Amino acid sequence: MPRRPLLFCLLLLFSILLLVACSGHDQGYSLPALHPPEADLGRNRPTCTDCHEERGGPLAFADFNHTAYFAESHRNAAGRNVQVCNMCHQPSFCNTCHATGIELKPSVMNQSDTYSRTPHRGDYLSRHRIDGKIDPGSCFRCHGNPKAARTCAPCHG
Amino acid sequence: MNSPYGRSVWRIGFFCVLCGLLLAAPTIAGAMEVRLNSQTLLLFMQRNTPTSTDASVVPLYEYLQADIGARSTRGLSFHFYGWAREDLNDSDYYADNPDGELLYGYLDYSRPFSHLNLRFGRHYVIGGLANNSIDGLSLQTDLGPDFVLSVYGGLPVAFDTTAGRSGDSIFGGRLAWHSANLHEVGLSYQNINNDGSTEDQRFGLDLSLALPAGVNLSGRSTYNLESDGFGENFYEARFALSDFNFRTFFENYTYADYFAPGAQTPNPFYVLNRTGEAQTNFGADVVWRMSSDWEFGAKTKFYTYDVNSSSAAYYSGLITWHGQDLTQIGGEIGTMQGNAADNKYILSRAFFYWDRPAGLPLSFISGDLLYAAYDQPIYGQDNSFFASLGAGQHFLDDRLELKLSGDYSSDPYYDSDWRTMLVANYRFDY
C-alpha cells in the first residue's frame, strides 16, 4: 500500500478520534492511573478479590488474582484490560518478557527473585527441544519475528 | 537504522531527548515528577566463542528507565527504557548481537474523560491482535458508554533487522463493545508490511462473557487473511468453587495459518508453516488457597495433532507457603509424556525466598533448585541440574539495592557451568 495515502488516512482517523474523545462525556467507571496508594497492598503477591468483588463489579477482578499460574495464564485478561496491569506495573516490567530485543531472559535478569516463577528457569535450553516439538505455538508468541528470533538463529538458522 | 551507525544515531538522538527533558522538566513544570531506575548487571561466566573455548565472558549490562511527568494524575508524560552492554573481557561471544536496544521511548497523553490515551514514539501496543513494539502513534478512547476503540500505526520494530526499514509499516486497531461487566466483544485487524510486501494480515475476534453461576468464558480467534484460514482459536472458562479457582481451556492452531507465511518468518516456524499440521490442546488448572499461608496448584494439558497422529500430555502440581511480605517456600513437580520416547521428561523444582530475614544484615536470601530427567539422553546426558543462591541488601533509604547470586548447572549443553551475577538497582525520584 502506498505510504502517503495510508499516512493521511491514519492522521485523519486519529484527528477525528481525538475530537470525539475530547468532546466525550464522563463514561462512568474510570480506572485510576495508579492503584490507590491508601490501600496497603503490602509486598506480597496481590490477590485482588481480597478486597474486590470476584465478578459482577466494574471489572472481573478474579481474573487478575496473581495466583501461582497467573504468569502463564494472564494473556486474555491483560489483552482486554492492559490498563489494569498499568495501575501497578510500568511497561518496563512487562518488557521483561514482552519485548523484541531485551537479550537477557527473564529468569537471568531476575535470577534471585525465585518467587516470581519466571519462564525458562534453569536448563530450559535442553527442555525446549521437547517443549518446542510438542507445542511450537507457545514459542512463536514471543519468538515469532526476526528480531525476537535472534536467540533461535544460532541453531535453527 | 539497520547499520551500527544508524543505531548509534538513533540511540544518541533519544539520549539527547532524554537529557533535554530531564534538564527542562523542573523548569517547564514545577510539579512534574522525574523518576529514574537504573539496573546494572555484571555477569561472570565461561563460554565457547567463535574463536576460543572456555573464554571468560564478563558482560556489563545497563538497563535504564526514565519516567517524566505525573504518573498518579493524568496528563502529558515521557517514558524511556533501554539497555546497553559492554563485554569487559573483550571476548567475541556477542559478535553477532547488537550492543544495546531502545525498548521504548514515547510521549504519553491521557485524560480521564473518554479514557483517552495517546502515545507517540517507540512503544508497545497490546490489545486484541496487537502484541507489537512500534515506532509510531497509538490512540485508545471510549466511543460512548459501550464502545472502546484503539488504533495504531507506524513502523514495526521487529522487522528493522531485515533490509532496513524502507517499505516497512504496521497498522491496525480494535473496536470493542461492552456492557458493564457482562460481556465484551472485540474485533481487531492488523497489517504488517516488510520491505514493501505484506508480511502478515490478520483479523481477530476476542470475547469475554459473564455466564451464570459465576463462570467467565473468554477467548479469541484469529483469521489469517493472507492464507485464508483460522490460525488460532483459544478459549478458556474460569470459575470458583469455595477456595478453589478453576480454569479450563481449549486451543487449536493450524500451522499454515498461525505461523505467519511471510518471507521473513524466522525458523523454525517457517518450516512448520509448510507441514500442513494442526494442533489441538486442552486442559485445566486449579489453584486452592487453603489459607492466606498455603497455596496448592495442579495443572494438566493434553496435546493432539492431525498429521502426526500422535499425542502428549503434561501433568504438574505445586505447593507454596507464603510468609511475611515476599517470603515463600515452594516446590513443583511435573512430567511431560509424549508418544515418542524423546518427548518425555520429569521436572522438579524447589525454591525459597526469605524476605527481610530477621537478625541478618540482608534484605533477602533466595535459593532455587531444578532437576530434570529425560527419557532419552540429549547429547549423551539424561538429566540436568541447576542450583542458584542469591542475597541482597538495601541502602540509601531503599533507593539502592545490591544483589549477588551464584548459579551452577550441569546439563546436556554445559558439563559444569558456574555463573556469578552482581546487580545494582538504583531508583531516583524528584
Side-chain angles (χ1 to χ4, degrees), chain A residues 10 13-14 17 20-21 24 26-28 30 33-34 42-44 54-60 62-63 67-69 73 76 78-80 82 91-92 95 98-102 104 111-112 114-115 121-123 125-127 129-130 133-137 140 144-149 152 156-157, chain B residues 65 72 74 81 101 103-104 112-114 116 124 126 133 139 141-142 145 151 153 157-159 161-162 181 208 210 214 216 218 253 259 264 266-269 272 285 287 295 297 303 312 318 320 325-326 328 338 343 345 351 353 366 368 370 378 384 386 388 390 403 405 409 411-413 421:
Chain A
L10 279 174
L13 184 60
F14 277 127
L17 284 172
V20 171
D26 192 349
Q27 306 298 337
S30 177
L34 294 177
R43 283 162 45 80
N44 211 330
E54 285 194 356
R55 307 189 190 281
L59 272 175
D63 290 353
T67 65
Y69 293 124
S73 66
N76 264 347
R80 288 193 316 276
V82 72
S92 59
N95 276 168
H98 299 285
T100 47
I102 200 157
L104 288 176
Q111 182 66 69
S112 50
T114 52
Y115 57 85
R121 289 196 83 80
D123 175 34
L125 190 60
S126 303
R127 265 181 293 135
R129 294 167 63 100
I130 299 172
K133 274 188 282 190
I134 288 175
D135 192 8
F140 184 74
N145 64 67
K147 186 171 263 188
C152 316
H156 293 286
Chain B
Q65 178 190 345
S72 52
R74 297 172 193 270
Y81 186 43
E101 185 83 36
L103 296 170
Y104 60 74
F113 248 40
S114 314
L116 172 71
Y124 217 84
I126 295 177
S133 180
L139 182 150
T141 181
D142 285 357
V151 291
V157 175
F159 290 87
T161 55
T162 56
N181 186 39
S208 171
N216 183 263
S218 64
Y253 302 95
F259 299 118
Q264 297 304 327
N267 265 328
F269 312 110
L272 290 170
D285 59 56
V287 175
E295 186 179 45
Y303 310 81
L318 61 82
T320 310
D325 294 329
L326 288 170
Q328 290 181 26
N343 281 350
Y345 66 77
F351 75 93
Y353 189 91
S366 68
D368 209 355
L370 269 96
I378 299 171
S384 64
F386 171 82
S388 175
K403 300 195 284 189
S405 61
S409 62
D411 55 63
Y413 284 86
M421 184 163 69

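Since the structure is predicted, the reported quantities are computational estimates derived from the model, not experimental observations. So you know, we letter chains A, B, ... as the sequences are listed, proteins then strands, and number each from 1.
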- Aromatic plane relationship, A/Phe140 with B/Phe269 - under 30° parallel, 30 to 60° tilted, over 60° perpendicular: perpendicular

- Query: By a 4.5 Å heavy-atom criterion (distance strictly below it), what part of B/Tyr124 contacts chain A: side chain, backbone, both, or neither?
  - Reply: side chain

- Measure the CG-CG distance between A/Asp63 and B/Asn216 for me, rounded to the nearest 0.5 Å. 5.0 Å

- Query: Among A/Gly122, A/Gly79, A/Ala149, A/Pro136, who wins on heavy-atom pairs under 4.5 Å with chain B?
  - Reply: A/Pro136

- Do you know which of A/Ala78, A/Ser126, A/Gly144 has the most heavy-atom pairs with chain B at a distance under 4.5 angstrom? A/Ser126

- Please name all residues satisfying side chain to side chain donor-acceptor pair (under 3.5 Å) with B/Gln328, sequence neighbours left out, ordered by chain then number. none

- Message: Measuring from atom OH of B/Tyr413 to atom CZ of A/Arg129, what distance do you get when rounded to the nearest 0.5 angstrom?
- Response: 4.5 Å

- Item | Which of A/Ile134, A/Val82, A/Asn145 touches chain B most, by non-hydrogen pairs under 4.5 Å | A/Ile134

- Query: Heavy-atom distance under 4.5 Å to chain A: side chain of B/Val157, backbone, both or neither?
  - Reply: both

- Do you know the tightest heavy-atom contact between B/Glu295 and A/Thr67? OE2-CA, 3.8 Å

- Item | Inter-residue atom distance A/Asn95.CG - B/Glu101.CD, 0.5 Å rounding | 10.5 Å

- Where does B/Ser405 contact chain A at under 4.5 Å (heavy atoms): side chain, backbone, both or neither? side chain

- Note on the structure: Rounded to the nearest 0.5 angstrom, the CG-OH distance for B/Asp285 and A/Tyr69 is 6.0 Å

- Query: What's the verdict on side chain to side chain donor-acceptor pair (under 3.5 Å) for A/Ser92 and B/Gln65, showing C-alpha distance, side-chain angles and the deciding distance?
  - Reply: CA-CA 8 Å; A/Ser92 59; B/Gln65 178 190 345; 2.8 Å; yes

- Item | Atom pair CD1 (B/Ile378) and CZ (A/Arg127), whose distance is rounded to the nearest 0.5 Å | 10.0 Å

- Message: Could you work out, with side chain to side chain donor-acceptor pair (under 3.5 Å) as the rule, every residue matching B/Thr320, not counting sequence neighbours?
- Response: none

- Winner by heavy-atom pair count (cut-off under 4.5 Å) against chain A, out of B/Leu370, B/Ile126, B/Leu272, B/Asp368: B/Asp368

- How about B/Tyr81 and A/Pro91: do any of their side-chain heavy atoms sit closer than 4.5 Å? no

- Message: Below 4.5 Å, heavy-atom pairs only: which of A/Ser73, A/Ala62, A/Ala148 has the largest tally toward chain B?
- Response: A/Ser73

- Answer yes or no: is there a donor N or O on one side and an acceptor on the other, between the side chain of B/Ser366 and the main chain of A/Ser112, under 3.5 Å? yes

